[in-house]
Number of protein chains: 2
Amino acid sequence: MDPLSATFSALADPTRRAILARLAEGSATVNELAEPFDISLPAVSRHLKVLESANLIRREVEKQKRRCFLQPQALKTASDWVDLYSRMWTESLDGLEKYLDDLKQAKD
Amino acid sequence: MDPLSATFSALADPTRRAILARLAEGSATVNELAEPFDISLPAVSRHLKVLESANLIRREVEKQKRRCFLQPQALKTASDWVDLYSRMWTESLDGLEKYLDDLKQAKD
DNA sequence: ATGTTATTTAATTAATAGGTTAATTTTATG
DNA sequence: CATAAAATTAACCTATTAATTAAATAACAT
């Protein structure tokens, strides 16, 4: 899967976004991350794997625990894409040129 | 599905992102949008339905054709989320406070 | 009325996602 | 050494996604 798709589909799940939100307040272990959710630990573990392979988090082994940290670079990839298109779309829709072009296309 | 999840999962598919990229250059009908892809028309039609229910595009009936247009507001929702977290994460990782907090958490 | 163009809906299939419980690995501790 | 804690892996189930082909609908052209 391409990195951008991986990032967006990682972000598409509310549980994973909540995990990221929690991690924005500081690092946490898997059990700490799982605590607020009423899903099983293996389910959380899989969510973390998704976030990790999208490079949105990083894990450090620490005794038997695995501490999770945010990895902000990956979000930047998505952020760049969204910003680029945000800008393109706004221009594309504000521009008189495009407006006229659309009218012309719509006419034939 | 919540709007943010809908937007991110719509953006998670490369075909759909390509369709959006095409639409950034101007409106297009379903057949025009389908042309560059070697997937069937029904497949494209379903992708458009996904984009439409995420409010990323809008469709106008025009004789037998359906003209698709970008709908930039929805991207803004995603853009806002990404920007918020981008900012939070950067702060969270740059801040000495958080760094020390992480160290302390990591120690016990 | 018939055929053509543009698109959607229906029915089906294969793959993936997200969840579960049970078993396993690794490290720590009585 | 036996047990507990932390997390992952395995095996499994179900729902959703993305694709297909075939049929249906709608508007227009002849």
Atom-pair distance ([atom1] on [X]; [atom2] on [N]), nearest Å:
X       : N      : atom1 : atom2 : answer
B:Gln64 : D:dC28 : CD    : P     : 6 Å
A:His47 : D:dA7  : NE2   : C1'   : 16 Å
A:Asn31 : D:dA5  : CG    : C1'   : 8 Å
B:Arg46 : D:dT16 : CZ    : C1'   : 11 Å
A:Ile39 : D:dA7  : CD1   : C1'   : 14 Å
A:Leu48 : D:dT8  : CG    : P     : 7 Å
B:Glu60 : D:dA26 : CD    : C1'   : 18 Å
B:Glu62 : D:dC28 : CD    : P     : 11 Å

Problem - Distance below 4.0 Å between B:Lys65 side-chain N/O and D:dA26 OP1 or OP2 - result: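 Negative; the distance criterion is not met.
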
Practice task
Establish, with yes or no, whether the OP1 or OP2 oxygen of D:dA7 is under 4.0 angstrom from a side-chain nitrogen or oxygen of A:Ser45.
Solution key: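 False: A:Ser45 side-chain N/O out of range (4.0 Å or more) of D:dA7 OP1/OP2.
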
Handout entry: Sugar-phosphate only, base, or nothing, as touched by B:Leu41 at under 4.0 Å among non-hydrogen atoms
Key =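 Since a base atom lies under 4.0 Å of B:Leu41, the category is base.
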
Exercise for the section: Examine the side chains of A:Ser5 and A:Asp2 and answer whether a donor and an acceptor come within less than 3.5 Å of each other. Expected result: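 Looking only at side-chain atoms, A:Asp2 and A:Ser5 do form a donor-acceptor pair, the distance falling under 3.5 Å.
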
Problem - Outermost DNA chain C nucleotides near chain B [under 4.0 Å, heavy atoms] - result: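 Endpoints of the contacted stretch of DNA chain C: C:dT5 to C:dT9.
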
Side-chain donor/acceptor pairs under 3.5 Å, residues 38-50 of chain A, sequence neighbours excluded:
unit_1  : atom_1 : unit_2  : atom_2 : d
A:Ser40 : OG     : A:Ala43 : N      : 3.4
A:His47 : ND1    : A:Arg16 : NH1    : 3.1

Practice task
Assign each of A:Arg66 and A:Ser9 to its nearest nucleotide of DNA chain C by heavy atoms, then name whichever residue's nucleotide is nearer the 5' end.
Solution key: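 In this pair, the answer is A:Ser9.
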
Handout entry: Polar side-chain atom of A:Glu32 near backbone of A:Thr29 as donor-acceptor pair, under 3.5 Å
Key =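 The answer is yes, because a donor-acceptor pair under 3.5 Å joins these two groups.
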
Practice task
Locate the shortest heavy-atom distance separating B:Leu75 from A:Ser86; write the atom from each residue and the value.
Solution key: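 Smallest heavy-atom distance, with atoms named: CD2-N, 3.4 Å.
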
Exercise for the section: Could you check which of D:dA27, D:dA22, D:dA11 has an atom nearest any side-chain atom of B:Pro42? Expected result: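 Nearest to the side chain of B:Pro42 among the choices is D:dA22.
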
Practice task
Supply the atom-to-atom distance A:Trp81 CH2 to B:Leu11 CG, rounded to the nearest 0.5 angstrom.
Solution key: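 If we round to the nearest 0.5 Å, A:Trp81:CH2 and B:Leu11:CG are 5.0 Å apart.
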
Exercise for the section: Before accepting this row, confirm whether a basic side-chain N of the pair A:Glu60/A:Arg67 lies closer than 4.0 Å to the acidic partner's carboxylate O. Expected result: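 Looking at A:Glu60 and A:Arg67, the cut-off is not met.
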
Exercise for the section: Using a strict cut-off of less than 4.0 Å between a Lys/Arg side-chain nitrogen and an Asp/Glu carboxylate oxygen, indicate whether A:Asp83 and A:Lys76 qualify as a salt bridge. Expected result: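 The answer is no: the pair does not qualify as a salt bridge.
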
Handout entry: Along DNA chain D (nearest heavy atom to each residue), the more 5'-positioned of A:Val44 and B:Thr15
Key =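 Per heavy-atom nearest nucleotide, the more 5' residue is A:Val44.
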
